[in-house]
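Below is one structure; the comments refer to it alone.
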Amino acid sequence: MDTSYSPENIEQKWYKKWEADGNFKASGDGNPYCILIPPPNVTGSLHMGHAFQHTIMDTLTRYHRMKGDNTLWQCGSDHAGIATQMVVERQLNALGQKRTDFTRDEFIEKVWQWKESSGGTISQQMRRLGDSPDWDREAFTMDENLSKAVQEVFIQLYKDKTIYRGKRLVNWDPKFQSAISDLEVENHDEKGFMWHFRYPLADGEKTLDGKNYLVVATTRPETMLGDSAVAVDPKDERYQNLIGKFIDLPLVNRRIPIIADDYVDMEFGTGCVKITPAHDFNDYEVGKRHQLPLINIFSPTATVLAQAEVFQFGGTPIDDYPNQLPEKYTGQDRFVARKLIVEEFDSLNLLEKTEDHGLMVPRGDRSHEIIEPLLTDQWYVATASLAKPAIDVVKNGEIKFVPENWDKTYYHWMNNIQDWCISRQLWWGHRIPAWYDEQGNVYVAEDEQTVRAENNLSDEIILKQDDDVLDTWFSSALWPFATMGWPEKTPELEDFVPSSVLVTGFDIIFFWVARMIMMTLKFTGKVPFKEIYITGLIRDENGDKMSKSKGNVLDPIDLIDGIELEPLVVKRTSGLMNPKAATKIEKATRKQFSEGIESYGTDALRMTFCALASTSRDINFDLGRVEGYKNYCNKLWNATRFVLMNTDDKDCGKGLDPKASEQLDFSIADKWIIGRFNQALKAFETHTNEYRFDLATKALFQFSKNDYCDWYLELSKPVLNSEESNEAQKRGTRYTLVNILESMMRLLHPMIPFVTEEIWQRLKPMVATSSDSIMLAPFPIYDASSIDQAVNNDIDWIQSLITGVRNIRGELNISPNKPVNLLLKNAAEEDQRRLKDYQGFLSSLARLESVKILPTEETAPPSSTALAGTLEILVPVAGLIDIDAEVNRLQKEIDKLNNENKRLSGKLGNARFVDNAPAAIVEKEKEKLVNTEQALAKLVDQQQELKSH
RNA sequence: GGGCGCUUAGCUCAGUUGGGAGAGCAUCGCCCUUACAAGGCGAGGGUCAGUGGUUCGAGCCCACUAGCGCCCA
């Protein structure tokens, strides 16, 4: 074995073998255990959030697989409509072409080509992370069978009227020229203006204060071309006389009514609001209440039309409405039109004033373009009937959120859920299975032939398929059952629906989680998963969100392989939206990573993610932790070298029954470490079942490093090296060394798969196992009988003596090489027994020249003192150290004890405490006080003793 | 405006039913002790954001305040 651990030599080797051997497949036996991957975008690459969640999913998957469950990690990717179409369009643009140079089919073919050539990035990165999904079942939302499921769901929902088509106001993205759903709109606080316009009153009407106009305030002056009313608060006394009267709308010369509606806040501005039902969601509702005309003034690219399109609510066109728009605005972009209109109001002396104003601006989450509410025909899912059962299954506990209080977020959204706009004006995606005849009648079925057959339509009737595709999340919502073969009846649908746990971030609870619950309940009658583990969000070390534009992104692969400074700088500064940020990012990067990033290996990265997975909703990624866990892996590596060095070619009692073999004589340390292993195993399982990977990691780390490496390996040395140990004793210790290490590797494997496999393979010949790979070996089984309190007490005694001596050495700067003599004062019978039994351990670990029990009648020479319970540990200091140093050291101890003493006596002197607290607590405090007083007395004596010399 | 969360050691974070403030990293000291210097051993370091309340007893429960963050409108 190499003298140090190097992940690069072991990781890929084992992954290839596991995959080639088919180790990632469900076994078919045991209880079904299934995790569905949140399908990443096929365009994407693996970021820290993925790496984090994948580590959790893989740890759970490996754990359950080793426990013998029929374990499936279902993987796959999402076609990501807009994102993917953008990528391919950008590539065409780079070649001087554009999407519309091609037919729809040609373009889609190009997307498929791109997907084949570069869509596999994530799956390769997942392999680097050690992920163990069943690759043979890898699914893609545009695959034939998933597309079939999408079609089937659409048709069924249409038939029961849960899917409908309607002309409504939608969030329109002028860049993509597509509708998007509410969820895809981000609201940003931005600076803008509030323009106050004078709207002349018609028919010579006047306000109470004698003006011939009303003042309306708006942040979007250009929409005035589509105003259909001015509204006031019905209670507003200022305008009572004008309700039902009219405005002469400037520029377009249209009469529009003055209406009263509760929507208006009379405190805000002038209390008069312009109502533009076709370009504002609130105004839409007002318009609906008052049956105002919907006046659309924008084209799909958000430029002003020559003639407005006017409709009634319900979608019927109004032909006789004055729809002519001023010629000077025709074809102008909405923001150019804004400027021109403000200027025109100003020149007409109708601009009252302009104020700075902060407002919420809706932007598309992908395009970052300002969203325009636009009146269009779209397909919707009516969510009301789906939402109710989806709320119920969380309420009744069929689905459980972890941490629990995410259910509040879920309920809040579900209780206020809006109908879901599912049509998108894109080419890449699942095309809507609807056909129209020339009269505009709509027919829904799987294909044109079926449409004709089902509706008795002759071949002469021309049918045209809907051009739109479905929202990407529509297919994602079917993931839990579509990946299992639905609508076919498959064994997987039986076994793996519901899946066991969904591991995901809170950012997609609405986008994905809620919709999966609704759809899976609707189409399978079952919940999609029993638990939802909501992970925190990975942030940088300062708590900032990792983003390309901030230049603080870490690539998980770079942490695994390492990266030099220069390529890292290039990576972080290239392709920025705002190139000006490059200098700043470069500077920060050079400062933080002056040496680049070291290679830490996958296992260290995975262990870090697990250790950071607490209940916190933000996780600040700490690079120091990764380094620490790499060192930890090196520790395991070297512990293995030690074990092999002492057991290779020697009799380790392979195949003997540890509970019934005379040939194995276990030391106190052997017995202790076996018990400790089982305690750690139990802790790991408890915490893992509660998704507290941080606590699980801590339990493993403490056991393997502190107990096994720091204590047990040291305690094994005196047994192995002493001439006094017999062969059965040595065999017992060798057996324990090897078997606990081997079990420990199985315990650690789910979290750190690579280094454990490498080590396990080397230990395999020495233990009884029939597995080829650690990942198929059984997970250790908890054995409560291995934990013996008497054994633990003895080890505690040994440890406190050794620690006592080390403490004296450390404090007084006595070199660890220098053997010291040890005197034990006030030794009880138990102490004497222990000393007799365990002297070898003490001498070896505390590096003792000699150890003696001081007879009660004898006075001790000047010594440095530590206490182990009532036992006094004395290290004679003659010639070793300065007496004053020890006097000072004792004083510090005495001060500490005095404080403790004061606290305890105060508490016990308080009658209310003694009377009210539970007896056990009072008893405990009393005992503590006695101990403290005894210890204090001893130290004070000892200090006096020293001073007298 | 509504909802949720956070504030504990220099840093990143644990702290289970209220009963002796913890870990990792960083710092300091001693040591290249035959598994490991990517290491060992030891040490120092906290007014648990603030105020008030409940309680014999509060990091934990309650109220308020301050600061930070997220989601929704």
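As a basis for the values below, the full set of heavy atoms in this structure was taken, side chains included, without hydrogen atoms, waters or symmetry mates. Here is how names work: the chains are called A, B, and so on, in the same order as the sequence lines, proteins then strands, and each is numbered from 1.
- For the pair A:Lys635 and A:Tyr708, the cation does not sit on the ring face, since its NZ or CZ is not both under 6.0 Å from the ring centre and inside 45° of the axis.
- Counting non-hydrogen atoms under 4.0 angstrom, A:Lys926 reaches nothing in the nucleic acid.
- One can place CZ of A:Arg806 at 13 Å from C1' of B:C31, the figure rounded to the nearest angstrom.
- Pairing for B:U17 is absent, judged as Watson-Crick or G-U wobble with the two contacts each under 3.5 Å.
- Using Watson-Crick or G-U wobble geometry with both donor-acceptor distances under 3.5 Å, B:C32 finds no partner in any strand shown.
- Taking every side-chain heavy atom of A:Asn813 into account, B:C30 is the closest of B:C4, B:C30, B:G20.
- Between the C1' atom of B:A35 and the CG atom of A:Leu644 lies a distance of 10 Å, rounded to the nearest Å.
- Nucleotide B:G24: paired with B:C11 (Watson-Crick or G-U wobble, both distances less than 3.5 Å).
- Contact annotation: A:Lys928 reaches the phosphate of B:G20 (side-chain N/O to OP1 or OP2, under 4.0 Å).
- Whole-Å rounding puts the A:Arg617 CZ to B:C13 C1' distance at 17 Å.
- Listed pair A:Asn807 / B:A43 meets the phosphate criterion, a side-chain N or O lying under 4.0 Å from OP1 or OP2.
- Distance check on atom C1': B:G39 versus B:G20 gives 33 Å, rounded to whole Å.
- Residues passing the ring-ring contact (aromatic ring centres under 6.0 Å, His included) test with A:Trp711: none are found, sequence neighbours excluded.
- Pair assignment for B:C6: B:G67, on the basis of Watson-Crick or G-U wobble contacts that are both within less than 3.5 Å.
- Phosphate contact (OP1/OP2 of B:A73, side-chain N/O of A:Asn416, threshold under 4.0 Å): absent.
- Across all strands shown, A:Arg809 has no heavy atoms under 4.0 Å from either base or sugar-phosphate atoms.
- Listed pair A:Lys705 / B:G40 meets the phosphate criterion, a side-chain N or O lying under 4.0 Å from OP1 or OP2.
- The side chain of A:Arg625 approaches B:G24 more closely than any other nucleotide in the set B:G39, B:C72, B:G24.
- Counting only N and O atoms by type, the side chains of A:Asn638 and A:Asn634 include a donor and acceptor under 3.5 Å apart.
- Among the atoms of the strands shown, only primed sugar atoms or phosphate atoms (P, OP1, OP2) are found under 4.0 Å from some heavy atom of A:Asp710.
- With distances taken from any side-chain atom of A:Asp618 to the nucleotides B:A43, B:G15, B:G69, the minimum falls on B:G69.
- Taking the six-membered ring for Trp and thresholds of 30 and 60 degrees, A:Trp413 and A:Phe510 have nearly parallel ring planes, at less than 30 degrees apart.
- Considering only side-chain N and O atoms, A:Lys907 lies nowhere under 4.0 angstrom from the phosphate OP1 or OP2 of B:G19.
- In this structure, A:Tyr5 reaches the bases: a heavy-atom distance under 4.0 Å links it to at least one base atom across the strands shown.
- If you check B:G46 for Watson-Crick or wobble pairing at under 3.5 angstrom, you find it has no partner at all.
- Of the candidate nucleotides B:G24, B:G42, B:G19, B:G19 has the atom lying nearest to any side-chain atom of A:Lys924.
- Closest to the side chain of A:Asn634, out of B:C56, B:A14, B:C36, is B:C36.
- Rounded to a whole angstrom, the distance from the P atom of B:G46 to that of B:A63 is 32 Å.
- Counting any heavy atom pair closer than 4.0 Å across all strands shown, A:Glu714 reaches a base atom.
- Among the heavy atoms of the strands lying under 4.0 Å from A:Leu713 is at least one base atom, whether or not backbone atoms are also near.
- Residue contacts shown for A:Thr3 are absent, as no nucleic acid heavy atom lies under 4.0 Å away.
- In this structure, A:Thr409 reaches neither bases nor backbone, as no heavy-atom distance under 4.0 Å exists between it and the strands shown.
- With B:C31, B:C70, B:G44 as the choices, the nucleotide that has an atom nearest any side-chain atom of A:Asn817 turns out to be B:C31.
- When each of A:Gln702 and A:Phe506 is assigned the nucleotide of RNA chain B bearing its nearest heavy atom, the one mapping closer to the 5' terminus is A:Gln702.
- Residue A:Arg692 places no side-chain N or O under 4.0 Å from the OP1 or OP2 atom of B:C13.
- Nucleotides B:G24 and B:A9, compared at atom C1', are 12 Å apart to the nearest Å.
- No more than 12 heavy atoms of other residues, nucleotides or ligands shown are found within 6.0 angstrom of NZ on A:Lys924.
- When the nucleotides B:A38, B:G39, B:C56 are ranked by their closest atom to the side chain of A:Lys635, B:G39 comes out on top.
- Nucleotides B:G59 and B:G18 are separated by 13 Å at their P atoms, to the nearest Å.
- Judged by distance alone, the side chains of A:Glu900 and A:Thr932 never bring a donor and an acceptor atom under 3.5 Å apart.
- Residue contacts shown for A:Thr640 are absent, as no nucleic acid heavy atom lies under 4.0 Å away.
- B:A49 sits 6 Å from B:U7 when the C1' atoms are compared, rounded to a whole Å.
- Among the nucleotides B:A35, B:A38, B:C4, the one closest to the side chain of A:Asn405 is B:C4.
- Summarising the base pairing, B:G59 is matched to no nucleotide, lacking a Watson-Crick or G-U wobble pair whose two defining distances lie under 3.5 Å.
- Here, B:G57 and B:A21 have their C1' atoms 16 Å apart, quoted to the whole Å.
- Along RNA chain B, the nucleotide closest to A:Ile802 and the one closest to A:Asp182 are compared, and the more 5′ of them pairs with A:Ile802.
- Judged by the 6.0 Å distance and 45° axis criteria, A:Lys698 is not positioned over the aromatic ring of A:Phe693.
- Here the side chain of A:Lys717 is nearest to one of B:A38, B:A14, B:A35, namely B:A35.
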Salt bridge (charged side-chain N to carboxylate O under 4.0 Å, His left out) evaluation trace for A:Glu285 with A:Arg289: CA-CA 6 Å; A:Glu285 294 303 323; A:Arg289 283 196 285 276; 5.0 Å; no
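- With B:U12, B:G42, B:C36 as the choices, the nucleotide that has an atom nearest any side-chain atom of A:Asn620 turns out to be B:U12.
- In this structure, A:Lys698 does not reach the B:U16 phosphate: none of its side-chain N or O atoms is under 4.0 Å from OP1 or OP2.
- For B:U54, there is no paired base (Watson-Crick or G-U wobble, both distances below 3.5 Å).
- Residues A:Pro373 and A:Asp280 approach most closely at CB-N, 4.0 Å, considering heavy atoms.
- Dashed line: the shortest gap from a side-chain N or O of A:Ser4 to OP1 or OP2 of B:C36 is not under 4.0 Å.
- Residue contacts shown for A:Cys633 are absent, as no nucleic acid heavy atom lies under 4.0 Å away.
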